[in-house]
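None of these values were measured; they are calculated from a predicted model.
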Amino acid sequence: MKRLIFEPEHEQFRETVRAFISREIEPYSQEWEAAGQVDRDVYRKAGEAGLLGFNVPEEFGGGGVEDFRFNVVVAEELARSSHAAPAFTLQNDVVVPYFTSLSNEEQRARWLPGMATGETIVAVAMTEPGAGSDLAGIKTSAVREGDDWILNGSKTFISSGINSDLVVVVCRTNPDPAAKHKAFSLLVVERGMEGFQRGRKLDKMGLKSQDTAELHFDNVRVPAANVLGQVDQGFYHLMHNLPSERLSIAVTATAIARSVYEETLQYCKDRKAFGKPIGTFQANRFTLAEMATELDVAQAYIDRCLQGVLDGEASAVDASKAKWWCTELSKRVVDSCLQLHGGYGYMNEYRVARAYTDIRIQTIFGGTTEIMKDLIGRSMGV
């Protein structure tokens, strides 16, 4: 079915993104995979091409366009590419919105221009060795001392942890147990601050080119001018921005699954066994039909959520539904596609093998499937 959510300008932008991927990502994919991180320069090139910062106000060098459909185009095209990809969606969909919605005028002038050009790479540090989905369990803390906050603690599984220049750190600023969710703040830690150390680059089973790291803060003196939003309101700031992150994950997961499915369909037409294409066997035909149907249904729900974003009606519950359903579906689809490839599906030269490991994190980061279901259940009063 033709997707009705996009206008001609979005499809024109899609061609720009595809050309950028072909020119600036595909030739370097294997190099980045081996290095465990992408070259920082690709962010600068993406900024020049308009793939970053389109949601940053024009006065700060961005596109000044508040239209999440452009975010979706970037996410879909990166996901459909069979090559290693930079974390542009992390920058556009997850972190930059914290700065555009929470920063004051001085902070916006200081930080947003670099994000728009790609010269400044950003990350958000929530997860800790002992606190993942349970954000209330965060131990990293900051104590006010004069005009500064003294930050101590550790974070793990931080995407863009090596490349990042600015890290939005979720920390406890109110030690009173009774404060509960009103105990956290967002501090922006800058590259080079004394006591800020990056730990090991984590060796992941998938998404090899996207640097993921441990971060350590040892008496890091963070100026009070680097508080993002309001002190002790960090938890609520996170809750406000997490829905867009979760919808972005659903978009990416579905696009990956769709791309792998399309390659698998062609494989089933070309690959022969017992003298005929394997796709003609009823069991395989049924599997392909089921995947095609489920992907179309998932896409329809995503597009309805996108319309809700445009209309200002999208809710955190809608995003949670999209996140858990589409990521679990993508996992099933890629697994079925690998099975249809047989032994070839286990070979890394085939996209399906790489997708099998890349897709696995989708049901975990941004909130696990179990957390998504719990949020939905609570909204139902149970």
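Under the 4.0 Å criterion applied to side-chain N and carboxylate O atoms, K45 and E48 are not assigned as salt-bridge partners. Between R3 and E76, at least one side-chain N (NZ, or NE/NH1/NH2) sits under 4.0 Å from a carboxylate O, which counts as a salt bridge. Ion pairing of D148 with R221 is present here, as a side-chain N (NZ or NE/NH1/NH2) and a carboxylate O approach within less than 4.0 Å. E294 and R332 are joined by a salt bridge, as a carboxylate oxygen and a charged side-chain nitrogen come within less than 4.0 angstrom of each other. Ion pair E77/R14 flagged as a salt bridge, since at least one NZ, NE, NH1 or NH2 atom sits closer than 4.0 Å to an Asp/Glu carboxylate oxygen.
Counting heavy atoms from C-beta on, the side chains of T369 and W325 never come closer than 4.5 Å. Counting heavy atoms from C-beta on, the side chains of L265 and M291 never come closer than 4.5 Å. Put simply, the side chain of Q91 reaches to within 4.5 Å of the side chain of I121, judged on heavy atoms. With a 4.5 Å cut-off on side-chain heavy atoms, D203 and K208 count as touching.
Minimum heavy-atom separation, M126 to I158: N-CD1, 4.1 Å.
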Should T120 and D165 be marked as a side chain to side chain donor-acceptor pair (under 3.5 Å) after you check the CA-CA gap, both sets of side-chain angles, and the distance that decides it?
-> CA-CA 6 Å; T120 300; D165 302 294; 5.0 Å; no
Worked verdict on H341 versus Y267 for ring pair (Phe, Tyr, Trp, His ring centres under 6.0 Å) = CA-CA 7 Å; H341 276 77; Y267 179 86; 4.2 Å; yes
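Using modelled atom types, one finds a donor on one side chain and an acceptor on the other under 3.5 Å when comparing N226 with E190.
With rounding to the nearest 0.5 Å, the separation of CD in E214 from NZ in K201 is 13.0 Å.
Taking the six-membered ring for Trp, H10 and F70 have ring centres closer than 6.0 Å. Ring centers of Y43 and F88: under 6.0 Å apart, within the cut-off.
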